Amino acid sequence: MAPSTVRGLALPAQLTSLIDRDLWRHPGDAVLTEAIPWFEDPLAFVKNSEQMTFASRSLDMFADDPHSAFFSVGRGSRAVAPLELPWLDADQAVLIAITRNPGDDGALALDYRTDPSNPRIVGSDFWTNPPSVSMEGRSTCLFCLRHEPGPVD
């Protein structure tokens, strides 16, 4: 298993292994609701490093557009002070799941700020709870889910 990188950031070995074995799949809406009950909009997993690179380009758009500050995405390399949660540093993040329905404006990301070798998983469900833009997570919660295809509503 060769290490995979997205945007110059190494994907965790556990995620790379799931991708390589075609096991990084949506486990079903019920399983995700149990794991992250505060995330109300349905998610789609980003399948591989190429698609993660493409999906993560939206972080650049939000970070570089001053009129999109309400999405709480910036660049730590340009910030006066370190970007902390609820802000996401576009230079230190990779999207691994996005909302299934266009316009729901939510995602799960690997956040490399705390530990580049073990990024935490953070999420934002903007329209469900806009003031908090809750970027919280545990470094392994999604990788420990049952990764067999389940019913997707």
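All of these numbers come straight from a predicted model, not from anything done at the bench.
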Any donor-acceptor N/O pair, Arg25 side chain to Leu18 backbone, under 3.5 Å: no

Closest non-hydrogen atom pair, Trp24 against Leu15: CD2-CD1, 3.4 Å

Single hit among Leu108, Ile96, Asn101, Asp29 for side chain to side chain contact (heavy atoms under 4.5 Å, CB included) with Leu43: Leu108

Over all atoms of both residues, closest heavy-atom pair of Met52 and Val46: N-CG1, 3.3 Å

Side-chain donor-acceptor contact under 3.5 Å, Ser117 with Asp115: yes

Residue pair Leu32 / Glu34, side-chain heavy-atom distance below 4.5 Å: no

Heavy-atom donor-acceptor pair, Thr16 side chain to Pro12 backbone, under 3.5 Å: yes

Residues Arg57 and Thr53: side-chain donor-acceptor under 3.5 angstrom: no

Nearest atoms (heavy-atom pairs only) where Leu9 meets Ala93: CD1-N, 3.7 Å

Rounded distance [0.5 Å steps], OG1 in Thr114 versus CD in Gln92: 10.0 Å

Reported CZ-to-CG distance for the pair Arg113 and Leu88, which is rounded to 0.5 angstrom: 5.5 Å

Closest non-hydrogen atom pair, Thr5 against Ser49: O-CB, 4.2 Å

Test: Arg78 and Asp91 ion pair at under 4.0 Å: no

Spatial distance of atom NE2 (His26) from atom NZ (Lys47) [nearest 0.5 Å]: 11.5 Å

Approximate separation, where rounding is to 0.5 Å, of Asp89 CG and Asp111 CG: 8.0 Å

